Number of protein chains: 2
Amino acid sequence: MKVLAVLYNGFQAAKEEPRLLGTVENELGLRQYLESQGHEYIVTSSKDGPDSDFHKHIVNTDILITTPFHPGYLTRTLFNEAKHLKLCITAGVGSDHIDLNAAVEKQVQVIEVSGSNVVSVAEHVIMSILLLVRNFVPAHEMIERGDWQVSEIARNAFDLEGKVVGTIGAGRIGYRVLQRLVPFECKELLYYDYAPLSPEREKEVGARRIEDLKEFASKCDLITINAPLHEGTRHLINKDLLQHFKKGAWLVNTARGAICNAEDVAAAVKSGQLNGYAGDVWNVQPAPKDHPWRYMKNPLGGGNGMVPHYSGSTLDAQLRYARGTRAILENFLTGKAQEPGNIIVGLGKYETKAYGQR
Amino acid sequence: MKVLAVLYNGFQAAKEEPRLLGTVENELGLRQYLESQGHEYIVTSSKDGPDSDFHKHIVNTDILITTPFHPGYLTRTLFNEAKHLKLCITAGVGSDHIDLNAAVEKQVQVIEVSGSNVVSVAEHVIMSILLLVRNFVPAHEMIERGDWQVSEIARNAFDLEGKVVGTIGAGRIGYRVLQRLVPFECKELLYYDYAPLSPEREKEVGARRIEDLKEFASKCDLITINAPLHEGTRHLINKDLLQHFKKGAWLVNTARGAICNAEDVAAAVKSGQLNGYAGDVWNVQPAPKDHPWRYMKNPLGGGNGMVPHYSGSTLDAQLRYARGTRAILENFLTGKAQEPGNIIVGLGKYETKAYGQR
């Protein structure tokens, strides 16, 4: 079998830190295993355009490994060329960079390492919530530049206690976010999801479902997005919906950048309609130097908590998704059943409703 | 009565934001109340040295109001001059800027607004923990300067899940920190405190007491300081104790800067013995421009989460401590009993063990 992995370059960092498993240099720790079994293993970061390694190798690849952090976009066009492809493994959570409808048609399985980084992302969400609400970034920058003016920070710093927090999506990550919010004594925890939680799970976190998205948006002081990207969620957060947000609400998005309209969000931060926006996902990755989310600020000079896409790629998470990728490979190569919770597309059919299939 | 308040300047921010109650401009919202009762009310930010308003007015002040954010240091020398002083109110939590032994001798009461900002500080602790462990600051700075290199961030980013977290002090703030840590599924929650929690309270947060400080330090991946400053805690964190920390541990201090030896902490961050240090309290406030905590970095260029002293001064907290200050004033002026939990020094005696009185 020919196995192709599209990973990001770790450069010097990856040479110095072997736990950076998800890099080109450290190859998810799979080379010895795959080659000892007689398989070919190609690892590259070159992923965009017809001359990329990804496009050149995909034509005779049997198993493709990608990550959400440096996504190799497997379009329908590429699927048509990938005559040998049998299995796509996402080392992480979120397979929107794969044309899933094409995968169904072509009988290519798509399998994720579902549990590998849901906690990592949920932690990043809580951090992002707190640093927006508490106005951390301008405060730290004030210290770094040698200043001290508490009133400039405190004027836009609040407590999370007593606020209304809502999650769009209460699945594997969204629910973990709700669990971590419980002790903060928010005024109310709300969720918007096509699938209601069971009464027991609602009660565990004290969350209430709002069925109408505009009503949901209008009730929340802070909204966190924890939903997959698909045609039903693309640009879900746009100029129209933002007008239904409370004036000065905060928005955290660690799900997928394209769930938000980038320009609309940047304009809302600039106007103060959003008091802040934080997250690690971008509509294009790596984000171009002139992406508006890099530099947007609210009228008081804060409200930007953006980072590169790494929340699900901590060293702890890399170990889990490297191990999970190996387990999926072993199952496939030895004919064992995959973990049901990991299967996005089985042989010719969706195995999840998470990507908009109702 | 003459009432003197030492507050920080809010400048333009305070004019634009009336909820910045703790500023010189907004005077804790007390002027109308005090003057309508026939009292004199002096508000100033000038606090240091013999020519400061604080030193000039203290000689005939009856009631002194201070905050921990811009502390008016009431030394024994000043106590000797303050012949009329009857009551010190701390608008916030932490009265270490008052010489409490002198207050006992001089029969001056010291009363805090105990509940006013303990939640605010506990939230800041959780934020600081997450942003150190998850390596937020270098990640955000990378975005701001137009770069994208995930491996440089991920190589020093971890999950809080599975780590050993310990608090020095499990009182009003430390216990709230423990409560908020529970859903993060840390490997273990530990605490070091002269007073053991009740078995019920230990069980609620699943925390275990370690009686020996060096043993405590050696077990923790991350330590958070939530203890008052007094002679027993001053420079508690020094070069010697830092050698008992795990290599690469993180330290969060939102209690008081002088609990740490500033140079020793900066050296430990620089060497990597500490992977990071975050907090909002400084041994001198405002911190001088050349304070080492402004610029210290770990060997990988991160690990600094410092901000000016504002965690307990969010707009939500300012409302609570302004109201609490007024309630303490009303009690005093009308001869009502004070809330027992607010009293640090009563008439001629300590009413708390929190400042080292065993």
Side-chain angles (χ1 to χ4, degrees), chain A residues 8-11 13-14 16-17 19-20 22-23 69-70 119-120 123-124 126-127 130-131 134 136-137 139-140 142-144 146 148-155 157-162 179-180 182-185 280 286-287 289 294-295 305-311 313-318, chain B residues 8-11 13-14 16-17 19-20 22-23 69-70 119-120 123-124 126-127 130-131 134 136-137 139-140 142-144 146 148-155 157-162 179-180 182-185 280 286-287 289 294-295 305-311 313-318:
Chain A
Y8 59 87
N9 289 313
F11 300 111
E16 292 170 13
E17 178 50 82
R19 291 176 294 179
L20 278 171
T23 56
F69 312 108
H70 182 74
V119 163
S120 308
E123 289 187 8
H124 198 95
I126 302 295
M127 176 188 77
L130 287 167
L131 66 87
R134 307 191 62 78
F136 170 78
V137 168
H140 182 64
M142 175 179 284
I143 288 303
E144 283 195 319
W148 183 288
Q149 190 53 54
V150 169
S151 59
E152 286 299 327
I153 304 304
R155 72 182 297 185
F158 297 85
D159 295 338
L160 179 54
E161 183 190 54
Q179 287 175 311
R180 282 156 182 74
V182 169
F184 285 93
E185 301 190 34
D280 68 329
K289 272 195 193 302
R294 288 185 184 267
Y295 315 109
M306 294 307 297
V307 293
H309 193 177
Y310 82 99
S311 72
S313 198
T314 58
L315 294 183
D316 298 297
Q318 294 198 38
Chain B
Y8 59 87
N9 289 312
F11 300 110
E16 291 170 14
E17 178 51 82
R19 292 176 294 178
L20 278 171
T23 57
F69 312 109
H70 182 74
V119 163
S120 307
E123 289 187 7
H124 199 95
I126 303 294
M127 177 188 77
L130 287 167
L131 66 87
R134 307 192 63 78
F136 170 80
V137 168
H140 181 64
M142 175 179 284
I143 288 303
E144 284 194 319
W148 183 287
Q149 190 53 55
V150 169
S151 59
E152 286 299 327
I153 304 305
R155 70 182 299 186
F158 298 85
D159 295 338
L160 179 54
E161 184 190 53
Q179 287 175 311
R180 281 157 182 75
V182 170
F184 285 93
E185 300 190 35
D280 69 328
K289 273 196 193 301
R294 288 184 184 268
Y295 314 109
M306 294 307 296
V307 293
H309 193 178
Y310 82 100
S311 72
S313 198
T314 59
L315 294 184
D316 298 297
Q318 293 198 38

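Remember, predicted model here, so these are calculated numbers, not experimental data. Excluded from the calculations below are hydrogen atoms, water molecules and symmetry mates; all remaining heavy atoms, backbone and side chain alike, are included.
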Distance (rounded to the nearest 0.5 Å) between A:Arg180 CZ and B:Ile126 CD1: 12.0 Å

Where on B:His70 is there a heavy atom nearer than 4.5 Å to chain A: the side chain, the backbone, both, or neither? neither

When you measure from the side chain of B:Arg155 to the backbone N and O of A:Glu16, does any donor-acceptor pair fall under 3.5 Å? no

What part of B:Ala154 lies closer than 4.5 angstrom to a heavy atom of chain A: side chain, backbone, both or neither? both

Between A:Glu17 and B:Glu152 (side chain of the first, backbone of the second, donor and acceptor by atom type, cut-off under 3.5 Å), is there such a pair? no

Chain B contacts, top residue of A:Gln318, A:Gln179, A:Gln149 (heavy-atom pairs, under 4.5 Å): A:Gln149

Please look at A:Ala287 and chain B and tell me whether the side chain, the backbone, both or neither of the residue comes under 4.5 angstrom of a heavy atom of that chain. both

Ranked by heavy-atom pairs below 4.5 Å to chain B, first place among A:Gly162, A:Gly10, A:Pro286, A:Gly22 goes to A:Pro286

Using non-hydrogen atoms only, which part of A:Phe184 is less than 4.5 Å away from chain B: side chain, backbone, both, or neither? both

Give the member of A:Gly305, A:Ser311, A:Ala14, A:Ala317 that has the highest number of heavy-atom pairs under 4.5 Å with chain B. A:Gly305

Of all heavy-atom pairs linking B:Asp316 and A:Asp159, the shortest is OD2-N, 2.7 Å

Considering only heavy atoms from C-beta outward, does the side chain of A:Pro308 approach that of B:Ile143 to under 4.5 Å? yes

Quick check on A:Arg19 against chain B: is it the side chain, the backbone, both or neither that has a heavy atom closer than 4.5 Å? side chain

Let me know if A:Val150 has heavy atoms under 4.5 Å from chain B in its side chain, its backbone, both or neither. both

So, do B:Glu161 and A:Ser120 sit near enough that their side-chain heavy atoms are less than 4.5 Å apart? no

Any B:His309 side-chain heavy atom under 4.5 Å of A:Trp148 side chain: yes

Which atoms of A:Val137 come close to chain B, meaning under 4.5 Å heavy atom to heavy atom: side chain ones, backbone ones, both, or neither? side chain

Are B:Arg294 and A:Glu144 close enough for a salt bridge, meaning some N to O gap below 4.0 Å? no

d(B:Phe136 CZ, A:Leu130 CG) to nearest 0.5 Å is 11.5 Å

Less than 4.5 Å to any heavy atom of chain B: does that hold for the side chain of A:Phe158, its backbone, both, or neither? both

Part of A:Leu20 within contact of chain B (heavy atom distance under 4.5 Å): side chain

So, the side chain of A:His140 versus the backbone of B:Val307: is there a donor-acceptor pair under 3.5 Å, distance only? no

Show the nearest heavy-atom pair for residues B:Thr314 and A:Arg134, with the distance to one decimal. CG2-NH2, 3.5 Å

Of all heavy-atom pairs between A:Tyr310 and B:Ala157, which one has the smallest distance, and what is that distance? CE1-CB, 3.7 Å

